[in-house]
Amino acid sequence: MLLKKLKHTRVGMFGISWLAAFVIWILMISIRWRRHQPEKLQQILADHKGFILVFWHERLLAMTFIWPRGHTLTALQSTHVDGRIIAHTVNHFGVRTVWGSSSRGAAAGLRNMKRILDKGGIPTITPDGPRGPARQTAMGPVALAHLAHKPILPVAWSVDRAWRARSWDRL
């Protein structure tokens with residue numbers, strides 16, 4: 001109950017986002033990461049003329065940490081309070097935010113993501129978020145790709161053993 005009230009305040013949002021970023025950082029440095037074909041990704045990043053980065057919502061936790069530094073991501077984020085906390089958390093890892101989602105501000109979010117692409121940025125979308133169903137793509141990334149005439153780059157990560165949240169996406 002206290003957490004629910006706390007996350008609706010600026011101070012609470014700030015504190016929760018810092019705590020979440022710290023926990024994510026501790027978890028991520030404790031994992032031995034192996035990259036498969038890292039030269040392929042480096043080549044894509046070196047040559048890119050714009051693309052839309054997509055990954056499943058359940059992969060959100062580590063993607064901001066393992067993405068190559070120097071290539072800033074801009075995430076489409078829900079304006080819901082939980083989306084704002086996630087946005088503040090990933091901002092600690094250098095990810096920028098554009099507000100909008102399939103249920104709130106979809107058109108404005110799409111236009112802003114196109115602007116990011118036009119400026120050479122990397123717009124990032126979880127195509128099954130913010131409410132699911134898990135691993136089923138909504139039309140947002142496809143609409144953006146069509147509008148901007150840019151490709152979609154799907155990425156993923158995996159681990160041998162993991163704890164899973166009891167949420168809709170099994171984060």
Side-chain angles (χ1 to χ4, degrees), residues 7 13 17 20-21 24 28 33 35-159 164-165 167-171:
K7 74 181 187 180
M13 215 178 277
S17 72
I24 291 168
M28 295 303 109
W33 292 100
R35 295 181 188 263
H36 296 281
Q37 300 178 335
E39 63 285 344
K40 197 172 196 176
L41 178 59
Q42 289 303 329
Q43 187 66 41
I44 290 170
L45 291 171
D47 296 342
H48 91 84
K49 304 271 190 286
F51 60 85
I52 300 127
L53 183 73
V54 296
F55 53 87
W56 297 129
H57 201 271
E58 69 185 44
R59 308 291 190 203
L60 185 66
L61 188 65
M63 198 55 71
T64 56
F65 185 83
I66 63 175
W67 187 253
R69 300 293 171 240
H71 301 281
T72 303
L73 302 176
T74 302
L76 183 62
Q77 201 60 255
S78 170
T79 57
H80 185 272
V81 68
D82 293 337
R84 291 187 178 278
I85 291 171
I86 291 170
H88 290 300
T89 301
V90 299
N91 287 160
H92 296 301
F93 295 103
V95 177
R96 296 184 182 130
T97 302
V98 167
W99 301 108
S101 70
S102 57
S103 57
R104 296 180 183 183
L110 198 63
R111 283 191 305 272
N112 288 330
M113 292 301 254
K114 184 178 181 312
R115 286 187 196 113
I116 298 300
L117 263 171
D118 292 343
K119 292 178 184 175
I122 303 171
T124 307
I125 301 173
T126 56
D128 59 344
R131 292 184 294 208
R135 294 188 178 187
Q136 289 188 20
T137 302
M139 290 306 293
V142 176
L144 180 58
H146 179 72
L147 182 67
H149 304 290
K150 300 292 183 181
I152 296 172
L153 177 66
V155 294
W157 61 270
S158 66
V159 293
R164 294 269 184 189
S167 59
W168 66 268
D169 65 348
R170 302 224 13 176
L171 180 72

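Owing to the predicted nature of the structure, the values given are computational and were not obtained by experimental measurement.
Not a single ring pair (Phe, Tyr, Trp, His ring centres under 6.0 Å) links H71 to another residue, sequence neighbours left out. M28 is linked by a side chain to side chain contact (heavy atoms under 4.5 Å, CB included) to I24, I31, W33, L61, A62, F65, counting only residues two or more places apart in sequence or in another chain. Residues that satisfy the side chain to side chain contact (heavy atoms under 4.5 Å, CB included) test with A145, not counting sequence neighbours, are I52, I152. With sequence neighbours excluded, the residues forming a salt bridge (charged side-chain N to carboxylate O under 4.0 Å, His left out) with R135 are E58, listed by chain and number. Not a single side chain to side chain contact (heavy atoms under 4.5 Å, CB included) links A46 to another residue, sequence neighbours left out. Partners of F93 according to the ring pair (Phe, Tyr, Trp, His ring centres under 6.0 Å) rule, which considers only residues two or more places apart in sequence or in another chain, do not exist here. Every residue two or more places apart in sequence or in another chain that forms a side chain to side chain contact (heavy atoms under 4.5 Å, CB included) with A143 is listed here: L110.
G50 approaches P151 most closely through the heavy-atom pair O-CD, 3.4 Å. Pairing each heavy atom of G83 with each of Q77, the nearest pair is O-CG, 3.2 Å.
Under the salt bridge (charged side-chain N to carboxylate O under 4.0 Å, His left out) criterion, no residue pair touches residues 39-55, with sequence neighbours excluded. Annotation: salt bridge (charged side-chain N to carboxylate O under 4.0 Å, His left out) contacts involving residues 65-79, sequence neighbours excluded, are absent. The stretch residues 86-99 participates, sequence neighbours left out, in these side chain to side chain donor-acceptor pair (under 3.5 Å) pairs: S17-H92, N91-T97. Sequence neighbours left out, the pairs with a member in residues 75-91 that pass salt bridge (charged side-chain N to carboxylate O under 4.0 Å, His left out) are K7-D82.
Considering only heavy atoms from C-beta on, T126 stays 4.5 Å or farther from W56 through its side chain. You'll find the side chain of V54 stays beyond 4.5 Å of the side chain of L153, heavy atoms only. A 4.5 Å side-chain heavy-atom check between F51 and L45 finds at least one atom pair inside the cut-off.
A donor-acceptor pair under 3.5 Å is formed between the side chain of S78 and the backbone N or O of H80. Between the D128 side chain and the H57 main chain, a donor and an acceptor come within less than 3.5 Å of each other. Panel note: side chain R170, backbone R164; no donor-acceptor pair is recorded below 3.5 Å.
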Side-chain donor-acceptor pairs of residues 116-125 under 3.5 Å, sequence neighbours excluded:
residue	atom	partner	partner atom	Å
D118	OD1	K114	NZ	3.3
D118	OD2	K114	NZ	3.0
T124	OG1	I122	O	3.4

Item to complete: Please test L60 against I86 for side-chain contact (heavy atoms from CB on, under 4.5 Å), starting from the C-alpha separation and ending with a verdict.
Response: CA-CA 10 Å; L60 185 66; I86 291 170; 4.0 Å; yes
